Structures are given as C-alpha cells and as structure tokens.
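Worksheet for the structure shown next.
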Amino acid sequence: GVELAGVQTWWKAKSREQACVEAIDKFTEAGFRLVMYTVCVTLSVVVLYKSPFFWNTKLCWQGYPYFVMEADHRLYYLLEFSL
C-alpha cells in the first residue's frame with residue numbers, strides 16, 4: 001500500500017505548488033483588471049466629455065423617451081455593458 005508519510009509529503013508539496021500558482025493567477029487577474037478599468041475610464045472620459053449632458057444632467061431627460069443617441073455613445077455603452 002501507500003505509506004502515510006509519503007502521502008503527507010506529496011500533499012505538502014502539492015499544496016505549496018498550488019499556493020504559488022494561485023498567487024500568480026491573482027496577480028495576473030489584478031493586472032488585467034487594472035488595465036481594463038483604466039481603459040474603460042479613459043474611454044468614457046474621451047467619449048462623454050464632448051457631450052452636452054456630461055456637463056448638464058438635466059439634458060439627459062430632454063426629449064425622453066425619444067432621445068436620439070449618437071453613434072459613438074451607442075458604441076461606448078455597448079462596450080461598457082458587454083464587460
């Protein structure tokens with residue numbers, strides 16, 4: 001059969017290896033999120049900065065519910081909601 005000491009040694013080695021992989025995965029995911037959110041915020045400022053309702057939110061309700069959205073705003077919201 002299998003000795004208990006051998007199983008314990010194997011289990012400890014596997015646990016250490018898994019902890020290292022998890023740390024690398026967490027670091028990679030955190031880096032991805034940093035890049036993704038930085039790009040999203042930059043894109044939102046670039047796209048929405050030139051719109052009049054960015055400065056005056058009362059304009060959001062003008063013509064509601066028949067507000068005609070510009071193409072770049074539509075693309076921005078499509079990308080933002082897809083994430």
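What you are looking at is a predicted structure, and each value in this text was computed from that prediction instead of being measured. Residue numbers count from 1 along this sequence.
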*What's the spacing between Met36 CE and Arg33 CZ if we round to 0.5 Å?*
7.0 Å
*May I have the step-by-step check of side-chain contact (heavy atoms from CB on, under 4.5 Å) for Leu43 and Glu80, ending in yes or no?*
CA-CA 10 Å; Leu43 178 66; Glu80 196 66 37; 5.5 Å; no
*Examine Val39 and Leu34 and state if one hydrophobic cluster contains both, with Ile, Leu, Val, Met, Phe, Trp and Tyr joined whenever side-chain heavy atoms are less than 4.5 Å apart.*
no
*Which is it for Val47 and Phe54 under the side-chain contact (heavy atoms from CB on, under 4.5 Å) test, yes or no, and what are the steps along the way?*
CA-CA 10 Å; Val47 170; Phe54 185 76; over 6 Å; no
*asked:* Testing the basics here: between Gln62 and Phe67, what is the closest heavy-atom pair and its distance to 0.1 Å?
replied: O-CD1, 4.0 Å
*asked:* Under a 3.5 Å distance rule, please check whether Trp11 uses its side chain to pair with a backbone N or O of Gly6 as donor and acceptor.
replied: no
*asked:* List the residues meeting ring-ring contact (aromatic ring centres under 6.0 Å, His included) with Phe81, not counting sequence neighbours, and say none if there are none.
replied: none
*Mind listing the closest non-hydrogen atom pair of Leu79 and Ser82 along with its distance?*
O-OG, 2.7 Å
*List the atom of Thr38, the atom of Thr42, and the distance in Å for their closest heavy-atom pair.*
O-OG1, 2.7 Å
*Side-chain ion pair, Arg74 and Glu70, N-O less than 4.0 Å*: no
*Could you give the distance from CD (Gln8) to CD (Glu3), rounded to the nearest 0.5 Å?*
11.0 Å
*To the nearest 0.5 angstrom, please state how far the CE atom of Met69 sits from the CG atom of Leu75.*
11.5 Å
_With Tyr76, the side-chain contact (heavy atoms from CB on, under 4.5 Å) member among Cys40, Ser44, Ser51_ = Ser44
*May I ask you to check whether Trp61 and Phe53 place their ring centers less than 6.0 Å from one another?*
no
